[in-house]
Amino acid sequence: MEINPIKTEKDYDLALERVNTLFDAKPNTNEEDELDILVTLIEKYEQIHYPIPEPDPIEAIKFMMEQNGLTDADLGVILNSRSRVTEIFKRRRALTIKQIRILTETLHIPASTLIKEYALEQ
């Protein structure tokens, strides 16, 4: 097992090819260890070269509403104010800490995503 750092796109492509050949490695084997190490290296390379930006808080809310079959009116009930939902979606009003807690609990959106919106308005 010879493993090298992933420094270039070519190294990255070769590592991906090797992972494909090792994908069904049996547990507790050198191949499984190699697979584990390669996946770690690939993840690190991807974090640096292909970062995934944090989602927009409002878009995250809308996405989770769609996934749960909720309407703006439903969210108004959840947040106890239909007009507040409109203001939030139009970015006229920031989410409150209480609303962030409610959305985290009901829509399972990470608070860190929603706090970003709160911090922008402060």
Side-chain angles (χ1 to χ4, degrees):
M1 165 174 44
E2 183 180 327
I3 298 177
N4 296 308
I6 300 174
K7 296 179 181 179
T8 65
E9 277 297 309
K10 183 178 179 182
D11 295 339
Y12 174 69
D13 291 339
L14 290 171
L16 289 173
E17 287 177 24
R18 183 64 181 149
V19 164
N20 284 332
T21 63
L22 296 170
F23 197 73
D24 293 322
K26 294 191 183 337
N28 302 314
T29 63
N30 288 338
E31 288 80 15
E32 183 190 44
D33 292 343
E34 182 180 358
L35 176 63
D36 187 41
I37 293 167
L38 283 172
V39 167
T40 301
L41 291 172
I42 289 168
E43 286 175 346
K44 182 66 174 175
Y45 184 86
E46 288 175 344
Q47 287 172 355
I48 294 168
H49 297 279
Y50 305 109
I52 299 173
E54 283 286 324
D56 174 76
I58 302 304
E59 294 306 316
I61 294 168
K62 290 179 179 179
F63 175 79
M64 291 307 292
M65 286 172 59
E66 180 181 321
Q67 294 297 303
N68 289 288
L70 299 173
T71 65
D72 290 5
D74 296 327
L75 189 61
V77 171
I78 291 168
L79 295 179
N80 206 24
S81 174
R82 173 70 176 98
S83 61
R84 191 65 42 121
V85 170
T86 301
E87 291 173 340
I88 291 167
F89 282 173
K90 290 185 178 184
R91 300 177 192 269
R92 292 186 183 142
R93 185 177 296 269
L95 294 166
T96 65
I97 295 297
K98 182 178 178 182
Q99 291 166 336
I100 290 170
R101 286 188 181 125
I102 291 168
L103 292 170
T104 298
E105 291 171 14
T106 58
L107 297 180
H108 307 288
I109 300 170
S112 60
T113 298
L114 300 172
I115 289 171
K116 181 175 150 184
E117 178 72 10
Y118 175 80
L120 290 175
E121 295 290 328
Q122 297 305 313

Looking at [Y], is its backbone amide N or carbonyl O close enough to the side chain of [X] to form a donor-acceptor pair, meaning the two atoms are under 3.5 Å apart?
X      : Y      : answer
Thr104 : Ile109 : yes
Asp11  : Lys7   : yes
Gln99  : Thr96  : yes
Glu32  : Asn28  : yes

* Check: Glu9/Tyr45 side-chain N/O donor and acceptor closer than 3.5 Å ->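 On atom types as modelled, these side chains qualify, holding a pair under 3.5 Å.
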
* Can you see which heavy atom on Thr29 is nearest to which on Ala25, and at what distance? => OG1-CB, 4.5 Å

* Determine the minimum heavy-atom distance between Asp56 and Glu59, stating which atoms define it. => OD2-N, 2.9 Å

Applying the 4.5 Å side-chain criterion to the ILVMFWY set and letting contacts propagate, would [X] and [Y] be lumped into a single cluster?
X     : Y     : value
Leu14 : Leu38 : no
Phe63 : Ile88 : yes
Met65 : Val77 : no

* Close side-chain approach of Arg93 and Arg84, heavy atoms under 4.5 Å -> yes

* **Any Leu114 side-chain heavy atom under 4.5 Å of Ile61 side chain** =>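 With C-beta onward as the side chain, the pair touches.
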
Looking at [atom1] of [X] and [atom2] of [Y], how far apart are the two atoms once the value is rounded to the nearest 0.5 Å?
X      : Y      : atom1 : atom2 : value
Asn4   : Leu41  : CG    : CG    : 9.5 Å
Met64  : Asn68  : CE    : CG    : 5.0 Å
Ile3   : Glu34  : CD1   : CD    : 5.0 Å
Ile115 : Ile100 : CD1   : CD1   : 5.5 Å
Thr40  : Ile37  : OG1   : CD1   : 7.5 Å
Gln47  : Glu43  : CD    : CD    : 7.0 Å

* **Any residue meeting salt bridge (charged side-chain N to carboxylate O under 4.0 Å, His left out) with Glu46, in chain and number order, not counting sequence neighbours** => none

* Asked: What pairs with Arg101 under salt bridge (charged side-chain N to carboxylate O under 4.0 Å, His left out), at least two apart in sequence or on another chain?
  -> none

* To do: Show the numbers, then the answer: is there a side chain to side chain contact (heavy atoms under 4.5 Å, CB included) between Phe89 and Val85?
  => CA-CA 6 Å; Phe89 282 173; Val85 170; 3.7 Å; yes

Taking atom [atom1] of [X] as the centre, report whether more than 12 heavy atoms of other residues, nucleotides or ligands fall under 6.0 Å from it.
X     : atom1 : result
Tyr50 : OH    : yes
Ile52 : CD1   : no
Asn80 : CG    : no

* Check the pair Thr8, Asp13 against side chain to side chain contact (heavy atoms under 4.5 Å, CB included), reporting the backbone distance first and the verdict last. => CA-CA 9 Å; Thr8 65; Asp13 291 339; over 6 Å; no

* To do: Might you work through the salt bridge (charged side-chain N to carboxylate O under 4.0 Å, His left out) test for Arg92 and Glu87, ending with a clear yes or no?
  => CA-CA 5 Å; Arg92 292 186 183 142; Glu87 291 173 340; over 6 Å; no

* Asked: How would you list, by chain and number, every residue that makes a side chain to side chain contact (heavy atoms under 4.5 Å, CB included) with Asn30, sequence neighbours excluded?
  -> Asp33

* **Evaluation steps, side chain to side chain contact (heavy atoms under 4.5 Å, CB included), between Thr86 and Lys90** => CA-CA 6 Å; Thr86 301; Lys90 290 185 178 184; 4.0 Å; yes

